[in-house]
Peer 1: 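Dumping the structure here so I can ask a few things about it.
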Amino acid sequence: MSRRFIFMGAIAGILVLSGSAAALTGRSATKTTQRVPIPVLPPPGNFVTRIDNKYFPLRPGTTFLFRGTQQGKARLVSVFVTHKTKMILGIRATVVLDQVLVGGKREEKTFDWYAQDKHGNVWYLGESSSDFVNGKWIRSDGSWEAGVNGAKAGILMKANPRIGDVYRQEYYAGHAEDMAKVLSRSESVTVPYGNFERGLETSEWTPLERGVLEHKYYVKGVGNVRTITVKGGSEAEHLVSIKR
């Protein structure tokens, strides 16, 4: 899996389940997972070249720096929005390089592929992820690409997320099955980068890692600013700086 699930081992015409859902823990989480449909990817002509979703803007040349902890060790994450693109199912996706250091040592690097449709929804089209093992980069089992071996694109961020929305962020059976639920649009969030009001809070999980639940916080015009593990761990990650 990509860093969007950072502590588990180591978005007219879109099918999204909304409304109230049971707490995403235990048996209720399984029931919720089973009824969340895979969103239908729009045709290539329905996509734009930029990603300016208010909660998940990706401007090429931007670097987001996060700090946190993982199993008691310092964790440093650099997320760089490259100027590169990748064609996936006829859609030109933006390539984002995500690099992770734990305890000062290289642990993971991921190339994520995102694209935005005309409505403003950001789609997640796949990732190429590698773990640093015994001095070598080894491709991880969570790597996937929409259209390859049955993998399906998901929605990373909706254009207008509503409280109670539940949606799949990716789908490659047995390898990549992240999902999210919108909890709030009025959260106050304080991180080293700044203090924010009316932040978007989501709950994110995967049936592949039962018992693990994260909450993420997004701010308009900025993006993800905080990630905390609320079940199955106690880790946290906060936005420290943005360089453009």
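The basis for the numbers below is simple: all heavy atoms, side chains too, and nothing from hydrogens, waters or symmetry mates.
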Peer 1: May I ask you to test the Arg75-Val100 pair for a side-chain heavy-atom distance under 4.5 Å?
Peer 2: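 Side-chain contact under 4.5 Å: yes.
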
Peer 1: Under a 4.5 Å side-chain heavy-atom rule over Ile, Leu, Val, Met, Phe, Trp and Tyr, are Leu101 and Leu239 clustered together?
Peer 2: no

Peer 1: Any chance you could measure Gln71, atom CD, to Ser234, atom OG, to the nearest 0.5 Å?
Peer 2: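 Here the interatomic distance stands at 10.0 Å.
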
Peer 1: Would you please say whether a donor-acceptor pair under 3.5 Å links the side chains of Asp52 and Gln116?
Peer 2: yes

Peer 1: If I take atom OH from residue Tyr217 and atom CD from residue Glu187, how far apart are they, to the nearest 0.5 angstrom?
Peer 2: 6.0 Å

Peer 1: Looking only at heavy atoms, which two atoms of Ala153 and Pro39 are closest? And how far apart?
Peer 2: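 In this case the closest contact between Ala153 and Pro39 is O-CG, 3.9 Å.
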
Peer 1: Go through Trp137 and Lys109 one step at a time and tell me if the side chain to side chain contact (heavy atoms under 4.5 Å, CB included) criterion holds.
Peer 2: CA-CA 9 Å; Trp137 286 108; Lys109 70 175 178 180; 3.7 Å; yes

Peer 1: Take Tyr55 and Arg185 through the test side chain to side chain contact (heavy atoms under 4.5 Å, CB included) and record every step on the way to the result.
Peer 2: CA-CA 11 Å; Tyr55 289 113; Arg185 295 180 53 174; 3.9 Å; yes

Peer 1: Strictly distance-based, threshold 3.5 Å: is any side-chain N or O of Asn53 a donor or acceptor partner for the main-chain N or O of Pro57?
Peer 2: no

Peer 1: Counting N and O atoms only, with roles assigned by atom type, does the side chain of Thr229 sit under 3.5 Å from a partner on the main chain of Lys231, one being a donor and the other an acceptor?
Peer 2: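 No.
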
Peer 1: Hydrophobic clusters here meaning ILVMFWY residues chained together by side-chain heavy-atom distances under 4.5 Å, can you tell me if Val219 and Leu65 are in one?
Peer 2: no

Peer 1: Any donor-acceptor pair under 3.5 Å linking the side chain of Glu170 with the backbone of Asp178?
Peer 2: yes

Peer 1: Between Lys118 and Gly45 (side chain of the first, backbone of the second, donor and acceptor by atom type, cut-off under 3.5 Å), is there such a pair?
Peer 2: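 Yes: the side chain of Lys118 pairs with the backbone of Gly45.
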
Peer 1: Locate the shortest heavy-atom distance separating Pro207 from Met179; write the atom from each residue and the value.
Peer 2: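 Scanning both residues, the minimum pair turns out to be CD-CE, 3.4 Å.
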
Peer 1: For the pair Lys152 (side chain) and Ile38 (backbone), establish whether a donor and an acceptor sit closer than 3.5 Å, ignoring hydrogens and angles.
Peer 2: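 Checking the backbone N and O of Ile38 against the side chain of Lys152, no donor-acceptor pair under 3.5 Å is found.
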
Peer 1: Enumerate donor-acceptor pairs with a distance under 3.5 Å from any side-chain N or O in residues 80-90 to protein atoms, sequence neighbours excluded.
Peer 2:
residue, atom, partner, partner atom, Å
Thr82, OG1, Lys84, N, 3.1
Thr82, OG1, Val95, O, 2.6
Thr85, OG1, Arg92, NH1, 3.2

Peer 1: Run the salt-bridge test on Arg226 and Glu237 with the 4.0 Å N-O cut-off and return the result as yes or no.
Peer 2: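 No salt bridge links Arg226 with Glu237.
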
Peer 1: Would you call the rings of Tyr124 and Tyr114 parallel, tilted or perpendicular if under 30° counts as parallel and over 60° as perpendicular?
Peer 2: parallel

Peer 1: Give, for atom CD of Glu108 and atom CG of Asp131, the distance between the pair rounded to the nearest 0.5 Å.
Peer 2: 5.5 Å

Peer 1: Checking Asp112 side chain against Glu127 main chain: does a donor-acceptor pair fall under 3.5 Å?
Peer 2: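 No; judged by distance alone, with no hydrogens or angles, the pair does not exist.
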
Peer 1: Quick one about Glu107 and Gln70 (side-chain donor to acceptor, distance below 3.5 Å, no hydrogens or angles considered), yes or no?
Peer 2: yes

Peer 1: Measuring from atom OG of Ser78 to atom CG of Leu97, what distance do you get when rounded to the nearest 0.5 angstrom?
Peer 2: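 That separation rounds to 7.0 Å.
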
Peer 1: Go through the steps for Thr62 and Ile242 under the test side chain to side chain contact (heavy atoms under 4.5 Å, CB included), then give the verdict.
Peer 2: CA-CA 7 Å; Thr62 303; Ile242 299 178; 3.6 Å; yes

Peer 1: Which heavy-atom pair separates Pro161 from Leu200 by the least distance, and what is that distance?
Peer 2: CG-CD2, 3.9 Å

Peer 1: Rounded to the nearest 0.5 Å, how far does OG of Ser203 lie from CG of Leu213?
Peer 2: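 Here the rounded value is 3.5 Å.
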
Peer 1: Looking only at heavy atoms, which two atoms of Lys54 and Ala159 are closest? And how far apart?
Peer 2: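 Lys54 and Ala159 have their closest heavy atoms at NZ-O, 2.7 Å.
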
Peer 1: What residues, two or more places apart in sequence or in another chain, satisfy side chain to side chain donor-acceptor pair (under 3.5 Å) together with His215?
Peer 2: Glu201

Peer 1: Compare all side-chain heavy atoms of Val225 with those of Tyr193 and state whether any distance is below 4.5 angstrom.
Peer 2: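 Sidechains of Tyr193 and Val225: no contact.
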
Peer 1: Run the side chain to side chain donor-acceptor pair (under 3.5 Å) test against Asn46 and tell me which residues pass, sequence neighbours left out.
Peer 2: none

Peer 1: Check the pair Glu145 / Trp113 against side chain to side chain contact (heavy atoms under 4.5 Å, CB included), numbers first and verdict last.
Peer 2: CA-CA 9 Å; Glu145 181 177 334; Trp113 308 316; 3.9 Å; yes

Peer 1: Quick check: is Phe132 connected to Val102 through a chain of hydrophobic side chains (ILVMFWY, heavy atoms under 4.5 Å apart)?
Peer 2: no

Peer 1: Identify the two heavy atoms, one from Ile91 and one from Pro44, that lie closest to each other, and give their separation to 0.1 Å.
Peer 2: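 Between these two residues, the closest heavy atoms are CG1-CA, 3.9 Å.
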
Peer 1: Taking Ser128 for the side chain and Phe111 for the main chain, is one N or O donor matched with an acceptor at less than 3.5 Å?
Peer 2: no

Peer 1: Distance from Leu58 atom CG to Arg50 atom CZ, nearest 0.5 Å?
Peer 2: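 Reported value, rounded in 0.5 Å steps: 13.0 Å.
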
Peer 1: Tell me every residue that passes side chain to side chain donor-acceptor pair (under 3.5 Å) with Ser188, counting only those two or more places apart in sequence or in another chain.
Peer 2: Glu197

Peer 1: Which pair of heavy atoms, one from Arg67 and one from Val240, lies closest together, and at what distance?
Peer 2: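 Looks like CG-CG2, 3.6 Å.
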
Peer 1: In terms of hydrophobic clustering (I, L, V, M, F, W, Y; side-chain heavy atoms under 4.5 Å; direct or indirect links), are Trp205 and Val182 co-clustered?
Peer 2: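 Shared cluster, yes.
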
Peer 1: Restricting to side chain to side chain donor-acceptor pair (under 3.5 Å), what partner residues turn up for Thr202, sequence neighbours left out?
Peer 2: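 Expected list: Glu204.
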
Peer 1: Run through the side-chain heavy atoms of Ile, Leu, Val, Met, Phe, Trp and Tyr, join any pair under 4.5 Å, and report what else lands in Val133's cluster.
Peer 2: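 Val133 clusters with Ile138.
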
